[in-house]
> 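Attaching a single structure in structure tokens format; questions to follow.
In listed order, ligands and their atoms are each counted from 1.
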Amino acid sequence: MARKFFVGGNWKCNGTVAEVNKIVNVLNDADVPSADVVEVVVSPPFVFLPQVKATLRSDFAVSAQNSWVKKGGAYTGEVSAEMLVNLEIPWVILGHSERRSLLKESNEFVSDKVAYALSQGLKVIACIGESLAQREAGETMTVVSEQTRAIADKITDWTNVVLAYEPVWAIGTGKVATPAQAQEVHASLRTWLASNVSSGVAESVRIIYGGSVNGANCRELAAQPDVDGFLVGGASLKPEFVDIIRSAS
Ligand code: PEP
């Protein structure tokens, strides 16, 4: 089964009403491959989700950047999966390295969030990736397979999961992984999924790359057989995001 190319834009904690309008206008005017060829999902901060959902072209979807680990209630400052479903937000990013490192989200906590979000009907972009020290110590596959195993231990259906391999040393640094480095980890992850989950999941789950992807480096990365798309931070706030979407074809 062919895996549809996926391009996610993670706007992180950025934007004003006016800036969000500007980005949405650029996306709405863009000439990009059809939704049969590429799935595009943008992830604004929570406060802008209704604005973006109301104004964004209908062939692009919207994602939250986080959701609470269980049913909503007395959890000040959190946003529940149920609320996202109620607002008809189909996607959520979970386990982003900024949350893992700054907010100390553990593999187990992230996997509980993934399982809960899926149980409520959300689709999940689940982020994994090693730090520079871990890569230099030769621990890349150990780290990413442990992060993936934590998720695999909690879910059985991977249909609504996109796995985002985002080496921490490449996020927001301008130091993109080489196409060979990205391909090596993606292919190893697929082998790991075949051995530890199933050959069907290994074949069908989309593994996207994130970390300093831009308009200039996206095509070479996109040409790798196991790179099924991108999660884009900084460049998703700029018109070059359109070039990244176009790298699908
Ligand atoms: C990200 O935050 O998911 C990301 C990949 O950021 P950037 O593209 O800015 O490195």
> Which ligand 1 atoms does Gly211 reach within 4.0 Å, using its non-hydrogen atoms?
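Under 4.0 Å from Gly211, ligand 1 has these atoms: 5 (C), 10 (O).
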> Do Ser80 and Glu82 pair up side chain to side chain, a donor and an acceptor below 3.5 Å, judged on atom types alone?
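Yes, Glu82 and Ser80 have a side-chain donor paired with an acceptor closer than 3.5 Å.
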> Which part of Ile171 is near ligand 1, with near meaning a heavy atom under 4.0 Å away: side chain, backbone, both or neither?
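It is both parts that get close, each with some atom under 4.0 Å.
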> Side chain, backbone, both or neither: which part of Ser97 comes within less than 4.0 Å of ligand 1 when only heavy atoms are counted?
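Ser97 to ligand 1: no contact under 4.0 Å from either part.
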> Please determine, by modelled atom types, if Asn21 and Gln51 share a side-chain donor-acceptor pair under 3.5 angstrom.
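Per modelled atom types, Asn21 and Gln51 side chains form a pair under 3.5 Å.
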> Enumerate the atoms of ligand 1 whose separation from the nearest heavy atom of Asn10 is less than 4.0 angstrom.
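Those qualifying, in numeric order: 1 (C), 2 (O), 3 (O).
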> Got an N/O contact under 3.5 Å between Thr173 and ligand 1?
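In this structure, Thr173 places no N or O atom under 3.5 Å from an N or O of ligand 1.
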> Hey, would you say the Trp91 and Phe6 ring centroids sit under 6.0 Å apart?
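Yes, the ring centres sit under 6.0 Å apart.
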> For the pair Glu39 and Lys4, find out whether any cationic side-chain nitrogen is under 4.0 Å from an anionic carboxylate oxygen.
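So Glu39 does not pair with Lys4 through a salt bridge.
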> Check the angle between the aromatic planes of Tyr75 and Trp68 and answer parallel, tilted or perpendicular using the 30° and 60° thresholds.
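Taking Trp68 first and then Tyr75, their aromatic rings sit tilted (interplane angle of 30° to 60°).
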> Out of all atoms in ligand 1, which are within 4.0 Å of some heavy atom of Ala170? Include the element for each.
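The atoms of ligand 1 under 4.0 Å from a heavy atom of Ala170 are 10 (O).
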> Hey, can you tell me if Tyr209 and Phe230 have their rings parallel, tilted or perpendicular (30° and 60° cut-offs)?
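Perpendicular: the ring planes of Tyr209 and Phe230 meet at over 60°.
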> Going by the atom numbers of ligand 1, which of them fall below 4.0 Å from some non-hydrogen atom of Leu231?
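Numbered from 1, ligand 1 contributes 3 (O), 5 (C).
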> Kindly identify the option in Gly174, Gly172, Gly233, Gly234 whose heavy atom sits closest to atom 10 (O) of ligand 1.
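Looking at heavy atoms only, Gly172 sits closest to atom 10 (O) of ligand 1.
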